[in-house]
Amino acid sequence: MSRPPVYDRVALIGLGLIASSMFWAMRREGLAREVVGTARSAATRETAREIGLCDRVVDSIPEAVAGADLVVLAVPVGAMGAVAAEMAPHLKAGSTVTDVGSVKRAVIEAVAPHLPEGVHFVPAHPLAGTEHSGPRSGFAALFRNRWCLLVPPPGTDPEAVARLRALWEGMGSSVEEMDADHHDLVLAVTSHAPHLIAYTMVGVADDLRRVTDSEVIKYSAAGFRDFTRIAASDPTMWRDVFLTNKDATLEILGRFTEELFALQRAIRTGDGAHLHDYFSRTRAIRRGIIEAGQDTDAPDFGRVQTET
Ligand code: NAP
């Protein structure tokens with residue numbers, strides 16, 4: 001027997017990787033009776049209509065949120081405030097607004113002041129993504145076995161939180177609740193600083209005139225190749241992440257720099273024991289991630305090998 005939908009009508013604002021994956025997952029699992037979507041550009045709305053993304057694609061934010069029980073803000077973090085201001089007068093009383101932004105404190109500060117009394121706000125962050133973006137990049141399995149963190153401000157209606165939890169669990173995620181500042185610090189360690197380091201490494205390789213571009217590409221080994229995948233992530237999204245999670249990211253980068261100096265020193269002084277101990281510790285962390293089901297143990301990070 002199929003379960004009833006969690007929401008009657010869901011509005012997706014922004015139709016990129018995350019929103020399109022949510023649509024396909026909601027549709028597969030029957031989690032919403034109707035999904036209405038809109039995006040800033042006519043080109044994205046046109047693509048969405050062409051590929052059947054959303055039950056209805058409309059041309060404006062007020063049209064999209066009218067009558068919606070759940071409104072999902074799936075735009076870059078820096079655009080959330082303006083979108084919230086535009087939609088606020090058109091929200092249905094008793095509805096829930098959520099977002100999927102990668103930073104939480106800044107989104108709460110940008111969105112909450114615009115929301116009328118009687119509308120619930122339950123910020124969220126699915127810890128799932130790829131380096132691709134846009135309406136064609138989504139797929140239903142993106143959130144399967146991934147965490148989704150809910151960050152409800154104190155005093156949020158527990159029923160609104162429970163319903164959003166049911167939606168994310170229905171899409172295959174494990175859900176946990178967390179305070180916004182803690183979220184931003186955890187993500188600075190696990191995602192934001194690593195992305196910045198990847199961007200830097202690829203930038204350094206690009207700057208090295210002794211190594212020509214073609215050599216960088218031709219001889220790209222696993223380490224560099226993995227950096228380039230991360231460094232191919234959407235520039236707007238990541239610009240906004242660093243501008244809005246400034247303190248936590250700078251804190252972690254400060255620690256990173258200290259560790260880097262310590263490793264530099266160990267290399268210079270030939271302190272092999274230090275290097276070996278350090279790499280043994282990091283290897284154990286990798287094992288922990290695999291045991292927690294957050295990555296595959298397949299060789300070469302699970303890349304499919306083509307037979308020759
Ligand atoms: P995306 O594929 O680049 O799509 C972004 C969408 O936002 C597009 O529909 C775009 O419209 C719209 N948009 C961009 N700038 C806008 C603006 N100034 N005003 C209104 N709409 C605007 O992005 P995404 O990867 O789905 O990311 C969406 C959100 O999810 C971000 O807040 C991001 O931090 C978060 N997130 C991303 C990942 C990830 O790995 N990608 C993971 C977790 C959370 P047009 O197409 O018309 O330009």
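Both ligands and their constituent atoms are indexed starting at 1 by order of listing. Treat the numbers as computed from the prediction; the structure is a model and nothing was measured.
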> Are the charged groups of D234 and R239 less than 4.0 angstrom apart, N to O?
Replying inline: no
> Evaluating non-hydrogen atoms only, which member of P126, P76, G134, G16 is closest to atom 7 (O) of ligand 1?
Replying inline: P76
>> Regarding ligand 1, does G129 bring an N or O atom to under 3.5 Å of one of the ligand's N or O atoms?
In response: no
> Which ligand 1 atoms does S133 reach within 4.0 Å, using its non-hydrogen atoms?
Replying inline: 1 (P), 2 (O), 3 (O)
> Any side-chain heavy-atom pair from W24 and L53 closer than 4.5 angstrom?
Replying inline: yes
> Between the side chains of Y278 and E259, is a donor N or O closer than 3.5 angstrom to an acceptor N or O?
Replying inline: yes
> How does T130 reach ligand 1, by side chain, by backbone, by both or by neither, if only non-hydrogen atoms under 4.0 Å count?
Replying inline: backbone
>> I want to confirm something. Looking only at heavy atoms, which of L142, V75, L12, V100 is nearest to atom 32 (O) of ligand 1?
In response: V75
> Do E63 and S60 get their side chains close enough for a donor-acceptor pair, meaning under 3.5 Å?
Replying inline: yes
> Short list, please: which atoms of ligand 1 are under 4.0 Å from a heavy atom of T44?
Replying inline: 45 (P), 46 (O), 47 (O)
> Against heavy atoms of H125, which atoms of ligand 1 measure under 4.0 Å?
Replying inline: 43 (C), 44 (C)
> If we ignore angles and hydrogens, is there a donor and acceptor under 3.5 Å between the side chains of T44 and T47?
Replying inline: no
> What residue among K92, R163, R9 forms side chain to side chain donor-acceptor pair (under 3.5 Å) with D69?
Replying inline: K92
> M80 heavy atoms, cut-off 4.0 Å: which ligand 1 atoms fall inside?
Replying inline: 32 (O)
> Can you find a pair of side-chain heavy atoms, one from L17 and one from T130, that are under 4.5 Å apart?
Replying inline: yes
>> Looking at non-hydrogen atoms alone, which of E131, R40, E46, M237 comes nearest to atom 16 (C) of ligand 1?
In response: R40
> Just which atoms of ligand 1 are under 4.0 Å from any heavy atom in G101?
Replying inline: 32 (O)
>> So, regarding H132 and ligand 1 (criterion: nitrogen or oxygen to nitrogen or oxygen, under 3.5 Å), is there a contact or not?
In response: no
